[in-house]
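Structure first, then comments.
Because only heavy atoms are used, hydrogens play no part in the values below, and waters and symmetry mates are left out as well, while side chains stay in. Order of the sequence lines sets the chain letters (A, B, ...), proteins ahead of strands, with each chain counted from 1. What you see is a predicted model; the values in this text were computed from it and never measured.
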Amino acid sequence: MKILVPVKRVIDYSVRVRVRPDHRGVVTEGVKTGLNPFDEIALEEALRIREAGHPVEEILVVSVGTAESQQVLRTALALGADRALLLETAQPSIPAGIARVLRALVDERKPDLVLMGKQAIDDDAHQTGALLAGLWGRPQATCVSRLEILADGRLRATREVDHGLETLEVDLPAVVTADLRLNTPRFVKMPDIMRARQKPLDTVPAERYGLGEDAVELLSFDPPPERAKGILVPDADAFVAALKERGVL
Amino acid sequence: MSRILVIAECHHDHLTEGTRKALACAAALDPGGADLAVLGSAAEAAAEEGRRIAGVARVRLGPQAGFDPPLATVWAPVLARLAADYEAVLMPASSLGRDVMPRLAALVSGVMITEVAEVIDPRTFRRFIYAGNVRLTVRARPEAGRLVLTVRLASWPAAGERAGEAAPVVRDVPDPVGDPGTRYIGLEEHTSERPDLQSAKRVVSGGRALGSAENFALLEGLARRLGAALGASRAAVDAGYAPNDLQVGQTGKIIAPDLYIAVGISGAIQHVTGIKDARVIAAINKDPEAPIFKIADVGLVGDLFTIVPALEKALERAGVGS
């Protein structure tokens with residue numbers, strides 16, 4: 001089995017993101033970045049499939065981004081991916097562009113399984129996995145919290161849905177997107193970082209895979225509207241009175 | 001002929017609150033009204049509800065069979081055929097909407113915008129990124145394709161009942177083709193006596209400070225008295241005190257009740273993201289420095305194990321609930 005794991009470099013989840021004074025983006029200078037956490041979970045799942053004894057010929061990680069995305073690809077290699085591919089572009093891309101590039105890539109590399117995060121924690125778009133599955137014409141299982149490979153080679157996936165847990169079985173090739181509870185990713189070990197330097201990391205212009213102009217313009221980045229300052233009350237009765245006053249009891 | 005199509009979602013044979021919210025968003029796009037497509041075994045009953053909602057121009061009804069349970073690979077191709085008649089297709093940003101709509105966007109070469117919070121003009125929208133810490137204004141280029149939108153539930157009111165005659169129903173949704181590559185095994189539905197978290201007017205939520213699943217049950221009495229849904233922070237879910245579908249926050253549900261009571265929740269950014277559109281946020285926490293107090297309208301510092309029972313009694317004295 002060949003597994004393709006698309007990953008994204010994002011601002012670290014612990015950073016308090018601020019908008020730039022010119023409102024054309026967010027402050028990125030001196031800000032910690034890393035693998036999108038949901039993509040890290042997807043990669044961890046790919047590693048566990050191999051470690052569970054399923055024959056996995058190759059785990060390929062791919063990122064569409066600037067040269068700086070090499071950093072997250074090196075991390076992915078240190079975590080255990082076999083090879084990495086940077087589809088390099090100077091422009092930030094929206095999910096539609098990324099999915100189009102990935103569609104061209106799956107034609108070329110023919111993975112059996114694409115495992116990726118359910119969303120990136122920067123744009124919170126939650127689109128790329130299902131977009132890719134749609135363009136590819138293959139089954140999808142999004143927001144997966146449990147994944148099992150069946151004896152006949154199909155996948156059994158449990159999805160987190162609004163009213164509980166839904167289970168599907170899908171034929172391969174398929175696209176699976178990882179939810180938070182799928183697993184807890186391992187930490188990178190120092191010797192693995194050294195070893196990862198020997199692993200192949202290729203760079204190809206993303207345009208070669210059909211990346212074009214985005215269909216959406218990002219006009220303005222602004223802080224969200226703020227809430228008015230609240231009050232502290234001394235006890236339960238005052239709490240109830242304050243809620244009554246605000247018309248919610 | 002309407003330019004906007006809203007895809008209805010049903011739960012237990014009724015239209016969801018989210019469907020009405022998507023209709024409110026559709027009205028902001030085009031006050032002239034939107035068509036509502038209703039698919040699946042609940043369609044007949046849901047269509048009756050749908051044609052009485054304000055802003056619905058027509059209800060397009062599908063065959064009863066083949067759409068249940070809803071699978072993205074089955075719904076998206078049918079919706080793609082319907083979408084050909086419209087400039088924009090909308091669906092609530094529920095778990096179903098998030099699954100189906102990107103696939104639909106792929107099939108119609110459309111432009112997808114996730115979780116629309118505000119409509120500026122028919123191609124320009126506002127949405128939240130970075131876990132709600134940034135509000136982004138985006139414009140779909142005019143030459144780009146059809147709009148495929150999910151509607152942020154916390155940002156829109158539910159469309160109400162209409163004044164005049166019910167909207168006409170047309171039965172022209174094509175049969176589903178089916179998807180041999182996907183087999184539905186089942187849904188393990190979390191049942192609760194409490195109202196649905198996503199649409200409840202009042203929510204009582206617990207955090208890690210509850211300390212155990214048994215202690216978490218302490219909140220049920222309070223929730224019952226308030227007629228509130230139960231919610232939980234990610235920390236409480238991760239610790240196993242509450243099931244994941246109660247999770248409120250960036251990685252759980254984003255909600256906008258009239259009243260949100262956070263009990264023993266510190267107020268991590270990712271949690272606050274899920275509640276900041278609540279009309280009134282109230283917080284109970286023993287740490288006066290907890291970030292939750294920065295966004296709470298009403299705060300009470302103290303031990304939740306004393307305060308929660310006291311609060312139930314205070315509500316009783318004030319004649320709230322029974």
Query raised in the report: Can you say whether B:A80 sits under 4.5 Å from chain A via the side chain, the backbone, both, or neither, judging by heavy atoms?
Result: neither
Query raised in the report: How long is the gap from CG on A:L232 to CG on B:L300, to the nearest 0.5 Å?
Result: 8.5 Å
Query raised in the report: Looking at B:R183 and A:D171, does any basic side-chain N land under 4.0 Å from a carboxylate oxygen?
Result: no
Report task. With a 4.5 angstrom heavy-atom cut-off, could you sort out which part of A:V26 is near chain B: side chain, backbone, both or neither? Result -> side chain
Requested in this report: Could you have a look at B:A310, B:A314, B:S109, B:G299 and say which one has the most heavy-atom pairs with chain A under 4.5 angstrom?
Outcome: B:G299
Query - Region of A:R138 that comes under 4.5 Å of a non-hydrogen atom in chain B - result: backbone
Query raised in the report: Is any side-chain heavy atom of B:I284 closer than 4.5 Å to a side-chain heavy atom of A:F239?
Result: yes
**Report entry** Shortest non-hydrogen contact from B:G181 toward A:P139
**Finding:** O-CG, 3.7 Å
Query raised in the report: Can you say whether B:P180 sits under 4.5 Å from chain A via the side chain, the backbone, both, or neither, judging by heavy atoms?
Result: backbone
Query - Closest-packed option against chain B by number of heavy-atom pairs under 4.5 Å, given A:R103, A:R246, A:H23, A:Q140 - result: A:Q140
Query - Greatest number of heavy atom pairs closer than 4.5 Å to chain A - which of B:I269, B:D196, B:V280, B:T150 - result: B:V280
**Report entry** Contact leader toward chain B among A:I94, A:I121, A:T177, A:V19, where contacts are heavy-atom pairs under 4.5 Å
**Finding:** A:I121
Requested in this report: Using non-hydrogen atoms and a 4.5 Å limit, figure out which bit of A:E226 sits close to chain B: side chain, backbone, both or neither.
Outcome: neither
Report task. Sort out for me which of B:E188, B:R317, B:K201, B:R126 touches chain A most, counting heavy-atom pairs under 4.5 Å. Result -> B:E188
Query raised in the report: Checking A:L168 against chain B: side chain, backbone, both or neither under 4.5 Å from a heavy atom?
Result: both
Query raised in the report: Where on A:P95 is there a heavy atom nearer than 4.5 Å to chain B: the side chain, the backbone, both, or neither?
Result: neither
Query - Proximal component of B:V111, with respect to chain A [non-hydrogen, under 4.5 Å] - result: side chain
Report summary line: What one should report as the nearest heavy-atom pair of B:G132 and A:P224 is O-CG, 3.4 Å
Query raised in the report: Does a side chain donor of either B:T182 or A:E169 reach within less than 3.5 Å of an acceptor in the other side chain?
Result: no
Report summary line: Answer key: most heavy-atom pairs under 4.5 Å with chain B among A:A133, A:G137, A:P223 is A:A133
Requested in this report: Determine, for A:R227 against B:D297, whether the closest basic-nitrogen to carboxylate-oxygen distance falls under 4.0 angstrom.
Outcome: yes
Query raised in the report: Crowded around A:R18 CZ? As in, over 12 foreign heavy atoms under 6.0 Å?
Result: no
Query - Side chain / backbone / both / neither for B:I113 at chain A, heavy atoms under 4.5 Å - result: both
Query raised in the report: Which region of A:R181, side chain (C-beta onward) or backbone (N, CA, C, O), has a non-hydrogen atom less than 4.5 Å from a non-hydrogen atom of chain B, or is it both or neither?
Result: side chain
Report summary line: Minimal heavy-atom distance between A:D124 and B:Q250, with the atoms involved, is OD1-NE2, 3.2 Å
Query raised in the report: In terms of heavy-atom pairs under 4.5 Å with chain A, which of B:T73, B:L226, B:T137 leads?
Result: B:T137
Requested in this report: To the nearest 0.5 Å, tell me how far A:D222 CG sits from B:F128 CZ.
Outcome: 10.0 Å
Query raised in the report: Relative to chain B, which segment of A:Y13 carries a heavy atom at a distance below 4.5 Å: side chain, backbone, both, or neither?
Result: neither
Query raised in the report: Can you tell me how far CZ of B:R141 sits from CD of A:E213, rounded to the nearest 0.5 angstrom?
Result: 4.0 Å
Query raised in the report: Ignoring hydrogens and geometry, is there a side-chain-to-backbone donor-acceptor pair from B:S95 to A:V161 under 3.5 Å?
Result: no
Query - Donor-acceptor side-chain pairing of A:D162 and B:Q198 below 3.5 angstrom - result: no
Report task. Check the pair B:D245 / A:E160 against side chain to side chain contact (heavy atoms under 4.5 Å, CB included), numbers first and verdict last. Result -> CA-CA 8 Å; B:D245 57 346; A:E160 306 258 0; 5.9 Å; no
Report summary line: Interface check, chain B: of A:V240, A:I11, A:V170, A:L131, most non-hydrogen pairs under 4.5 Å belong to A:L131
Report summary line: Scored by heavy-atom pairs under 4.5 Å with chain B, the best of A:T167, A:V216, A:L249 is A:T167
Report summary line: Looking only at A:G230, A:A241, A:A141, most heavy-atom pairs under 4.5 Å shared with chain B are made by A:G230
Query raised in the report: Is a donor on one side and an acceptor on the other found under 3.5 Å between the side chain of B:R127 and the backbone of A:D123?
Result: yes
Report summary line: d(B:I120 CD1, A:L219 CG) to nearest 0.5 Å is 9.5 Å
**Report entry** Shortest non-hydrogen contact from B:P102 toward A:Q127
**Finding:** CB-O, 3.5 Å
Query raised in the report: Based on non-hydrogen pairs under 4.5 Å, which of B:L315, B:V301, B:I307 is most in contact with chain A?
Result: B:L315
Requested in this report: Show the numbers, then the answer: is there a side chain to side chain contact (heavy atoms under 4.5 Å, CB included) between B:L259 and A:L243?
Outcome: CA-CA 8 Å; B:L259 171 62; A:L243 296 184; 3.8 Å; yes
Report task. Apply side chain to side chain contact (heavy atoms under 4.5 Å, CB included) to the pair A:L165 and B:L187, showing each step before the final yes or no. Result -> CA-CA 6 Å; A:L165 297 170; B:L187 174 69; 5.7 Å; no
**Report entry** Max heavy-atom pair count under 4.5 Å with chain A, selected residue of B:E312, B:R202, B:Q270, B:K294
**Finding:** B:R202
Report summary line: When the 4.5 angstrom heavy-atom criterion is applied to B:I281 and chain A, the contacting part is both
Requested in this report: Could you tell me whether A:R146 atom CZ has more than 12 heavy atoms of other residues or ligands within 6.0 Å of it?
Outcome: no
Requested in this report: Step by step, work out the side chain to side chain contact (heavy atoms under 4.5 Å, CB included) result for A:E166 and B:Y184.
Outcome: CA-CA 8 Å; A:E166 179 188 272; B:Y184 181 85; 3.5 Å; yes
Query - Spacing of CD belonging to B:E189 relative to NE2 belonging to A:H163, to within rounding of 0.5 Å - result: 7.0 Å
